[in-house]
Amino acid sequence: MAKASTEELLDAVAADFHTYLRRGVRFDQVIGSAHAELNIDDLETLLRIHFVLTETREDGEVGVVDFVRQLEDRIRRMKTTTAPQSQEYRGEVRGRIDWQKTVKSRARKGRLDEPVFVCSEPEEHYNIDENLVLKRLLTVIHEIVTGNLEYALENPEGYDWLSAWTSSIEDPDRSAEPATKVLERVYERNVYLQRIDIEEDAVTERMIESVKRSRSAFYREAAELLSRYRQLMRHELDTEEAREILNHTLIAPEKAEELFELYWVFSVLNEFDSARYRVLADWRDRPSAVAEWEQDGSRYVLSHNSTGEALTFRERIEGETIKPDGYLYRLSKVLEEWSSLSEELFGREQSDSLWGGRPDIVLERFEQDGDREWMLDDVLIGEVKYTQDVQYAASGLRELLEYMAFVRHADENGEYVEETEHILESVAVRGLLFTDDLDHETGETSDSIRLVEYPDSPDL
């Protein structure tokens with residue numbers, strides 16, 4: 001069996017990604033690693049970038065890139081409303097004379113023969129619903145392009161997926177300039193657009209729906225795009241759009257191992273009917289937790305690429321019994337000197353830890369004690385290896401065993417979770433090694449330390 005491809009993995013996780021995205025779950029470690037300079041630290045940023053990269057589809061649904069490329073020609077036909085505005089002039093006439101107001105003005109001054117005229121002139125108003133919707137849409141696009149994409153636009157090498165914004169095109173029906181130039185010129189310099197004040201009038205959903213029925217395709221498209229943006233911000237998207245986001249270069253689809261991790265995160269979550277996914281607002285406290293729920297009297301926390309909520313994966317020599325001239329004694333000296341010299345030579349302090357790490361998947365189960373406090377009861381640790389190579393899978397097995405043996409409580413005592421007499425017997429710590437189909441006859445494993453090959457279920 002061939003190794004699971006990016007396309008297979010995208011198909012496998014798209015529906016789940018759609019479901020969890022709408023519930024507010026965030027997978028920072030998966031989506032943020034490809035282009036760290038963009039500071040993509042949450043799904044809202046990813047969705048904002050996805051929004052400005054959309055292009056017109058075959059079904060006619062307009063995309064942001066095409067909308068911006070046609071912007072300069074179309075904005076010249078902006079709609080306005082006119083209303084008469086009275087103005088008093090001395091010795092000159094502008095517009096139509098309002099004789100009734102003119103006579104009243106002269107009478108107040110006591111001189112009916114004075115050359116004062118009150119004239120009525122039409123004044124254009126730009127703050128109509130259509131223009132408010134348009135200005136709000138362009139403001140959103142401008143903020144994303146100049147904010148979230150600033151680094152990539154200033155350093156385009158390596159960001160081929162931004163070519164729709166940075167490259168010129170040969171199309172007589174659209175601007176040949178890069179979309180960034182068109183947006184900058186129109187948004188920042190168009191005098192008519194500057195007259196639209198969106199701070200005084202909030203753009204409501206009712207206004208957007210009204211503009212969707214405009215006779216002008218320009219305004220209808222603006223309303224559709226703004227509506228779609230707000231849906232994305234509410235995480236209301238279908239499976240196909242979720243797949244498009246996952247398939248985007250921002251997540252580096254050539255690095256299928258990242259999608260492979262995501263696949264197994266979903267697989268573990270799908271084992272629990274009561275899983276409650278972490279909403280965005282909660283992530284400031286514990287950004288590693290993907291989901292948290294209660295089931296059958298227990299509380300569960302699932303984390304990705306993290307040490308979990310109540311655990312630590314770090315070993316120090318300090319406190320160990322060391323022979324005066326044994327291996328650990330000499331290693332402790334190496335680590336101390338390394339930390340000291342690194343600070344002196346490079347201005348960068350190094351950790352003196354003997355061992356440390358972050359498992360790919362951590363599932364913690366908590367039980368309540370007599371004081372109704374949640375106490376860690378047991379742990380499931382998952383190590384993911386996107387491989388069909390047996391030797392590489394074996395290296396992942398060693399990593400998993402180390403995590404299981406060395407995991408400690410993250411409290412002041414820092415005791416090992418698994419007691420000495422039960423090391424790797426999986427009484428309190430169980431382990432799963434997730435791999436691709438190894439295409440190799442593997443032996444039997446216990447229920448507590450198991451090998452799970454794609455696309456099998458973890459069967460928890």
May I have the list of side-chain donor-acceptor pairs in residues 134-141 shorter than 3.5 Å, sequence neighbours left out?
{"residue": "K135", "atom": "NZ", "partner": "L193", "partner atom": "O", "Å": "3.2"}
{"residue": "K135", "atom": "NZ", "partner": "I196", "partner atom": "O", "Å": "3.0"}
{"residue": "T139", "atom": "OG1", "partner": "K135", "partner atom": "O", "Å": "2.7"}
{"residue": "T139", "atom": "OG1", "partner": "Y187", "partner atom": "OH", "Å": "3.0"}

With sequence neighbours excluded, residues passing side chain to side chain contact (heavy atoms under 4.5 Å, CB included) with [X]:
X    : value
W355 : F313, E315, E402, Y403, F406
R57  : D59, E61, E244
A394 : none
D389 : T387, Q391, Y392

Mark yes or no for whether [X], through its side chain, and [Y], through its backbone, hold a donor-acceptor pair below 3.5 Å.
X    : Y    : answer
D436 : A4   : yes
S353 : G356 : no
S303 : S306 : no
R69  : A164 : yes
E364 : A310 : yes
Q388 : D437 : yes

Are any of the side-chain nitrogens in [X] or [Y] under 4.0 Å away from the carboxylate oxygens of its partner?
X    : Y    : value
R230 : E205 : yes
K3   : E8   : no
E367 : R365 : yes
R299 : E292 : yes
R185 : E72  : yes

K385 to F434, cation-pi by 6.0 Å centre distance and 45° axis angle
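No, K385 does not lie over the aromatic ring of F434.
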
Between [options], which is the residue that forms a side-chain contact (heavy atoms from CB on, under 4.5 Å) with [X]?
X    : options                : answer
D16  : T239, L269, L262, N270 : N270
V64  : I144, L183, L225       : L225
M404 : L380, I449, V379, I423 : I449

Less than 6.0 angstrom separating the ring centers of F67 and F218, yes or no?
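Ring-ring flag for F67/F218: true, centres closer than 6.0 Å.
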
With salt bridge (charged side-chain N to carboxylate O under 4.0 Å, His left out) as the test, would you mind laying out the steps for E209 and R206 before giving the verdict?
CA-CA 5 Å; E209 291 304 315; R206 179 176 294 182; over 6 Å; no

Minimum-distance pair of heavy atoms, taken over all atoms of V301 and E309:
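Of all heavy-atom pairs spanning V301 and E309, the closest is CG2-OE1, 3.6 Å.
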
Residues in ring-ring contact (aromatic ring centres under 6.0 Å, His included) with Y219, at least two apart?
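With neighbours one apart ignored, the set is empty.
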
Classify the ring geometry of Y454 against F260: parallel below 30°, tilted from 30° to 60°, perpendicular beyond 60°.
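Aromatic pair Y454/F260 classed tilted.
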
